[in-house]
Amino acid sequence: QVQLVESGGGLVQAGGSLKLACAASRRTGSFSTMGWFRQAPGKEREFVAAINWNVLGTYYSNSVKGRFTISRDKAKNTLYLQMNSLKPEDTAVYYCAAKSSGGGYYSLSSYNYWGQGTQVTVSS
């Protein structure tokens, strides 16, 4: 059983920064792709960012490109999301996800494993 545990969420003012972490119960390199998704109240869960080990690529949604950075610490089996220049519209529960197979990095249904989520609230 794979466990993903997010941390680092909280309340921050607009323009501020937060760094989310996702600790995995097995080597992050054993996954083909890991990503971050978010879900705001009353909205569907949406793709935020992903990192693919096979092609060494990182991907971002247009809404966060240039402000968020996805990375990992291989030795710690931990995935990160550095969030800068936060906006009120970034307020959501942020979920870490991982998969061992192919499929679009932005596709929720292609991910096998999910964390419980961490709340990020950005005040104006």
Please check this pair: side chain of [X] against backbone of [Y], looking for a donor-acceptor N/O pair closer than 3.5 Å.
{"X": "Glu6", "Y": "Cys96", "result": "yes"}
{"X": "Asp90", "Y": "Val120", "result": "no"}
{"X": "Ser85", "Y": "Arg67", "result": "no"}

If you measure from [atom1] on [X] to [atom2] on [Y], what distance do you get to the nearest 0.5 Å?
{"X": "Arg72", "Y": "Leu79", "atom1": "CZ", "atom2": "CG", "value": "9.5 Å"}
{"X": "Gln82", "Y": "Leu20", "atom1": "CD", "atom2": "CG", "value": "9.0 Å"}
{"X": "Gln119", "Y": "Leu11", "atom1": "CD", "atom2": "CG", "value": "9.5 Å"}
{"X": "Asn112", "Y": "Ser32", "atom1": "CG", "atom2": "OG", "value": "8.0 Å"}
{"X": "Met34", "Y": "Leu81", "atom1": "CE", "atom2": "CG", "value": "11.5 Å"}

Do [X] and [Y] land in one hydrophobic cluster if side-chain heavy atoms of ILVMFWY residues count as linked below 4.5 Å?
{"X": "Val122", "Y": "Leu18", "result": "yes"}
{"X": "Val2", "Y": "Trp36", "result": "yes"}
{"X": "Met83", "Y": "Tyr80", "result": "no"}

Nearest heavy-atom neighbours spanning [X] and [Y]:
{"X": "Cys22", "Y": "Leu4", "value": "SG-CB, 3.9 Å"}
{"X": "Gln3", "Y": "Ser25", "value": "N-OG, 2.8 Å"}
{"X": "Ala50", "Y": "Thr33", "value": "CB-CG2, 4.1 Å"}
{"X": "Thr78", "Y": "Ala23", "value": "OG1-CA, 4.1 Å"}
{"X": "Ser124", "Y": "Ala14", "value": "CA-CB, 4.4 Å"}
{"X": "Ser101", "Y": "Ser110", "value": "OG-O, 4.2 Å"}

| task | Count the heavy atoms belonging to other residues, nucleotides or ligands that lie under 6.0 Å from OH of Tyr113, then report whether that count exceeds 12. | result |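 More than 12 within 6.0 Å, yes.
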| request: Step through the shown structure and confirm whether more than 12 heavy atoms of other residues, nucleotides or ligands are within 6.0 Å of CD on Gln39. | output: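 Atom CD in Gln39 is crowded, with more than 12 foreign heavy atoms closer than 6.0 Å.
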| Would Tyr111 and Tyr105 satisfy side chain to side chain contact (heavy atoms under 4.5 Å, CB included), going step by step from the backbone distance to the final call? | CA-CA 8 Å; Tyr111 286 81; Tyr105 55 84; 4.1 Å; yes
| Any side-chain heavy-atom pair of Trp114 and Leu108 under 4.5 Å |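 They are in contact (side-chain heavy atoms under 4.5 Å apart), so the answer is yes.
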| message | Is there a side-chain contact between Gln13 and Leu86 in this structure, where contact means two heavy atoms from C-beta onward sitting under 4.5 Å apart? | response |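 In short, these two side chains do not touch, never coming nearer than 4.5 Å.
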| request: Quick one: do Phe47 and Tyr59 satisfy ring pair (Phe, Tyr, Trp, His ring centres under 6.0 Å)? Show the steps, please. | output: CA-CA 10 Å; Phe47 168 76; Tyr59 310 92; 7.8 Å; no
| request: Return the set of residues passing salt bridge (Lys or Arg N to Asp or Glu O under 4.0 Å) with Glu46 (not counting sequence neighbours), or none when no residue passes. | output: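 Once residues adjacent in sequence are excluded, the partners of Glu46 under the salt bridge (Lys or Arg N to Asp or Glu O under 4.0 Å) criterion are Arg38.
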